[in-house]
Amino acid sequence: MTAPASPAPAPAALSQDELKAQVGRAALAYVVKGEIVGVGTGSTVNKFIDALATIKDEIKGAVSSSVASTERLRALGIQVFDSNEVEELAVYIDGADEIDHRGFMVKGGGAALTREKIVAAQSKRFVCIADASKLVETLGAFPLPVEVVPMAVRRVMRQFASLGGISQVREKDGLPLVTDNGQHIVDVTGLHIADPLAFESEVSQWPGVVTVGVFAHQKADVCLLGTATGVKTMQFA
Ligand SMILES: O=C[C@H](O)[C@H](O)[C@H](O)COP(=O)(O)O
């Protein structure tokens, strides 16, 4: 009697790092040859920058959203332009801390949200690259980053408290973190952001708020989501 055939072994699950590398490579398909590409910030974008270096002779250069990304781009031989030198970018590639099914995002886990929103605003198309853990039904589980002028920090924290949010000033080495723009970051938990467009509009008007980490007016047009079964492309209207 022959033994029943054993089932084929399940493919080894990809690590989060491999999922990020996968979407970083997939984003190359959205880079317009001969043009300047908008580049975001973070561990997923770092994978994209590494992939971009393999086609660096086919692009003119990049506009970067942070000192960290600028340094990585330059180290890999990619020319970095000031955003003021470029009127419009064809595409902006960036990660997210959360993305919903409409392409609305929370960003700023790496404290780069202000420059990210600026570069996103000057780009025709926002391509978000993220591993599957970032996809959510409703924004708000990830602590919402808000860049705030230091003298307004306590006032902004009180305003979030009136919305049920619990705020914390982000620290680095025991001191308030200072962003690339010389400001502080307040991280807010306890929010349920059902209407990201209205929420972004309201908080952006509070005195002292430089940038709120909800990207609804600059939402993603496409999301390349790294999943166990490959890269899933989500298109948003
Ligand atoms: O300020 C940082 C950015 O918004 C990042 O794009 C975001 O935090 C996602 O970063 P990561 O790819 O490292 O998860």
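Counting starts at 1 for both ligands and their atoms, in listed order. As a basis for the values below, the full set of heavy atoms in this structure was taken, side chains included, without hydrogen atoms, waters or symmetry mates.
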*Which residue owns the protein heavy atom closest to atom 5 (C) of ligand 1, what's the atom, and how far is it?*
Thr41 O, 3.1 Å

*Tell me which protein heavy atom sits closest to atom 12 (O) of ligand 1, plus the residue, atom name and distance to 0.1 Å.*
Thr44 OG1, 2.6 Å

*Backbone, side chain, both or neither: what part of Ala111 comes under 4.0 angstrom of ligand 1, heavy atoms only?*
backbone

*Ligand-residue contact atoms, ligand 1 with Ala112, heavy atoms, under 4.0 Å*: 1 (O)

_Distance-only side-chain donor-acceptor flag, Asp131 / Ser133, under 3.5 Å_ = yes

_For atom 2 (C) of ligand 1, what's the nearest protein heavy-atom neighbour? Residue, atom name and distance, please._
Gly110 N, 3.0 Å

*Protein contact to atom 14 (O) of ligand 1 [nearest heavy atom, distance to 0.1 Å]*: Lys134 NZ, 2.7 Å

*Hydrophobic cluster membership, Val148 vs Ile193, 4.5 Å side-chain cutoff*: yes

*Give, for atom CE of Met105 and atom CD of Glu116, the distance between the pair rounded to the nearest 0.5 Å.*
9.0 Å

*Looking only at N/O atoms, are Gly42 and ligand 1 under 3.5 Å apart anywhere?*
no

_Presence of salt bridge, Asp221 and Lys124, under 4.0 angstrom_ = no

_Asp187 side-chain N/O to Val169 backbone N/O, donor-acceptor pair under 3.5 Å_ = no

*Could you list the atoms of ligand 1 found under 4.0 angstrom from a heavy atom of Gly95?*
6 (O)

_Atom indices of ligand 1, in the order listed, that fall short of 4.0 Å to a heavy atom of Lys107_ = 3 (C), 4 (O), 5 (C), 6 (O)

*Give a yes-or-no answer on whether the side chains of Asn181 and Glu147 include a donor-acceptor pair shorter than 3.5 Å.*
yes

*Shortest protein contact, atom 3 (C) of ligand 1 (heavy atom only)*: Glu116 OE2, 2.9 Å

*Number the atoms of ligand 1 from 1 as they appear, then name those within less than 4.0 Å of a heavy atom of Gly109, with their elements.*
1 (O), 2 (C), 8 (O)

_Please work out, at 4.0 Å between heavy atoms, whether the side chain, the backbone, both, or neither of Ala96 comes within that distance of ligand 1._
backbone

*asked:* Could you work out, for atom 7 (C) of ligand 1, the closest of Leu113, Asp97, Asp180, Thr114 by heavy-atom distance?
replied: Asp97

_Suppose we measure from atom 13 (O) of ligand 1 to each protein heavy atom; which comes out shortest, and what is that distance?_
Ser43 OG, 2.5 Å

*Less than 3.5 Å between some nitrogen or oxygen of Val45 and one of ligand 1, yes or no?*
no

*asked:* Quick check: is Val210 connected to Met157 through a chain of hydrophobic side chains (ILVMFWY, heavy atoms under 4.5 Å apart)?
replied: no

*Under 6.0 Å from the six-membered ring centre of Phe215 and within 45° of its axis: does the NZ or CZ of Lys117 meet both?*
yes

*Ser66 and Thr41: side-chain donor and acceptor closer than 3.5 Å?*
yes

*Just checking, any donor-acceptor pair under 3.5 angstrom between side chains of Glu18 and Ser15?*
yes

